[in-house]
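To start, the structure itself, in structure tokens.
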Amino acid sequence: MKKFNPYLSSSLMVIVLLMVWEFGARAYNKSFILPSPAEIAFTLWELRSVLFLKHLPPTFLVIAIGLAISVIIGAGLAIWMNASKTAEKTFYPIIIASQTIPIIALAPIFVLWFGYTIWSKVAVTVLITFFPITVSAFDGLRSSNKDLKELMLTMGASKKDIFFKLDIPSSLPSFFSGLKVAVTLSVIGAAIGEWLGAQAGLGYFSRRMMTQFDGAGVFAPIVLLSAVGIALFLLITLIEKTLLKWRKAA
Amino acid sequence: MNNPALEFRSVSFQYLSEKKKVNAPILTDVHFTVNNGEFISIIGPSGAGKSTIFRLVTGLEQPSAGLILLNGKQVKNRLGLVGYMPQQDLLMPWRTILENAMLPLEIKGIKQDQAEEEVLTLLKDFGLEGTENSHPGDLSGGMRQRVSFLRTILSGSNVLLLDEPFSALDAITRLTMQEWLLQQWRNLKKTILFITHDVEEALFLSDRIFVMSENRISIHKVKVPLGRPRSIRDLSHPEVVRLKEDLIDQLRPRVES
């Protein structure tokens, strides 16, 4: 049996789709509505310095700050809920309910509160990403083996021992799953935030191009945003693989 | 050293439900003494309270009445004073064998390099040399149980409680592990309490057998009529065979006709 590259079939699919798109767009021939992939690639190349140097850094900063805040708030809440039944009963329903609020519709209010500063975009990113992080970290902490906890108690372990030597390591696999969901969402959060009000950023640039009926100009920053999302996802996967080496063996 | 390693004086135990309603007692007025260096097996049907005795000895539970004496002294907080080996190996999958075995030493706050040295020496004695950097997932069931036993020993206490440690192993591995355990017990001079369902295992390993009955009335103490060292062939001795049949009769639930 021949060994196939694991990404071969998905790569082929993407190429086929791009070709269909390319021919379809050429046949339709209204590039301000439906630019072809080749046009988008060309625009991306043409605008490379503006996109990479002017608009990528602010978007990236929003994503980084937003994720950092989400991880701190999410992990903190998860630890608190795991330690106290009262905290769990108080916060867990609220956290779930918060996800039924249409955050995108709420985003304009952040512009009112924070103005066109970076914080209105960070707020959207945090709101959209803290949920998967909190829930996955909480589930991870809860999943720690109760028998193992009792065994540690018979060894004379303190609460601190159990937290650091058992709860934290047990929660990591689940935490990383949540983090992977969160990084892909963070890109969306940052883009939405920038649509509503910004002076720079990939989301802002994409929207500005829309007002100028530049179809390829709308798509080029989106391609870049997606690339940022994929890169972050791969980075998290890499960290996960390094930290959780034992999972391969098990 | 003349004090018994473990003594139960009219110990009773029952779980209290949330509304302070008293549940049916699990143990009532239990008495027994375990001498230093003795190997005791506890057999009995499921639900007879074998595991409860272990939970009481380790200090995970406190008796509702009566006294528990460790090495002649009554100790209220027994957590950390008795070595406990659970039924599943309960090794942490994210830790290497070395790190797993070091856990009790870490909890005691012993310095890293000193703990490492102690574990490495023991790994060698236990025939686990070279596995220190593997993860539990790489080891066979028998090897994992040996690591788990090693970790129990490193708790440093003279009383070890083993809760059906070999029940998940296949018959051949189990026999090897039983012989291995006897050898370790001789070398280490520890006191062992061993829960099992298997009458033959109890006869082969122990000095005395505590038989717990389903109705929880009393613990029946039986002396095993075998010297040491013993081999698995000694179990076919007529006296032992009679005792074995007698024990199985005691354990079998009586079906009323």
Side-chain angles (χ1 to χ4, degrees), chain A residues 75 78-79 82-86 88-89 136-180 236-250, chain B residues 51 54-61 70 75 77-97 99-110 115 131 133-139 144 148-149 151-157 159-165:
Chain A
I79 289 166
N82 188 52
S84 144
K85 203 84 201 151
T86 321
E88 185 193 338
K89 280 182 185 157
S136 65
F138 181 55
D139 281 347
L141 287 170
R142 264 203 311 199
S143 75
S144 71
N145 189 325
K146 298 291 169 286
D147 294 332
L148 205 41
K149 183 184 162 190
E150 288 197 335
L151 179 68
M152 287 182 73
L153 284 174
T154 68
M155 294 174 184
S158 62
K159 273 193 171 161
K160 195 179 126 205
D161 285 328
I162 287 171
F163 180 72
F164 283 109
K165 295 183 202 296
L166 175 64
D167 291 346
I168 292 281
S170 314
S171 73
L172 284 183
S174 171
F175 174 74
F176 273 108
S177 302
L179 197 55
K180 280 194 253 179
I236 301 293
T237 311
L238 190 73
I239 297 173
E240 183 188 23
K241 282 222 170 109
T242 329
L243 268 177
L244 308 179
K245 257 194 200 123
W246 57 272
R247 276 172 114 201
K248 272 187 307 196
Chain B
S51 298
F54 274 21
R55 293 181 69 82
L56 285 164
V57 180
T58 53
L60 286 170
E61 306 284 356
L70 269 178
V75 197
N77 183 11
R78 294 179 295 280
L79 290 171
L81 297 180
V82 178
Y84 171 62
M85 177 176 175
Q87 193 168 355
Q88 297 96 33
D89 53 70
L90 292 184
L91 298 174
M92 295 173 164
W94 57 86
R95 285 181 168 228
T96 62
I97 297 306
E99 290 164 346
N100 262 296
M102 272 167 57
L103 183 65
L105 301 175
E106 263 176 46
I107 288 172
K108 287 199 162 59
I110 290 167
T131 61
N133 294 321
S134 316
H135 286 272
D138 303 329
L139 268 58
R144 282 207 297 270
S148 175
F149 184 64
R151 183 179 59 181
T152 311
I153 287 172
L154 287 172
S155 66
S157 77
V159 180
L160 305 179
L161 309 180
L162 317 187
D163 190 353
E164 295 192 51

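Keep in mind that what you see is a predicted model, and the values were worked out from it rather than measured. Proteins come first, then strands; the chains are lettered A, B, ... in the order of their sequence lines, and each starts at number 1.
A pairwise comparison of heavy atoms in L151(A) and P86(B) identifies CD1-CD, 3.9 Å as the closest pair. Minimum interatomic distance between Y84(B) and T154(A) (heavy atoms only, all atoms of both residues): CB-OG1, 3.9 Å.
When the shell of 6.0 Å around NZ of K89(A) is examined, it contains 12 or fewer heavy atoms from other residues, nucleotides or ligands. Shown here is K149(A), whose NZ atom has no more than 12 heavy atoms of other residues, nucleotides or ligands within 6.0 Å.
Contact of D161(A) with chain B is made through the side chain alone, with heavy-atom distances under 4.5 Å. Heavy atoms of L166(A) lying under 4.5 Å from chain B belong to its backbone as well as its side chain. For a residue to count as touching a neighbouring chain, one of its non-hydrogen atoms must lie under 4.5 Å from one of that chain's; by this rule Q88(B) touches chain A with the side chain only. At a 4.5 Å heavy-atom cutoff, R78(B) makes no contact with chain A through either its backbone or its side chain. Looking at L60(B), the atoms closer than 4.5 Å to chain A (heavy atoms on both sides) all sit in the side chain, from C-beta outward.
The distance from atom CG of L244(A) to atom CH2 of W94(B), rounded to the nearest 0.5 Å, is 10.5 Å. In this structure, M155(A) CE and L103(B) CG are separated by 4.5 Å, a value rounded to the nearest 0.5 Å. Summarising the geometry, atom CE belonging to M152(A) is positioned 4.5 Å from atom CE belonging to M92(B); distances are rounded to the nearest 0.5 Å.
With sequence neighbours excluded, the residues satisfying salt bridge (charged side-chain N to carboxylate O under 4.0 Å, His left out) with K85(A) are E88(A). With sequence neighbours excluded, the residues forming a salt bridge (charged side-chain N to carboxylate O under 4.0 Å, His left out) with E150(A) are R55(B), listed by chain and number.
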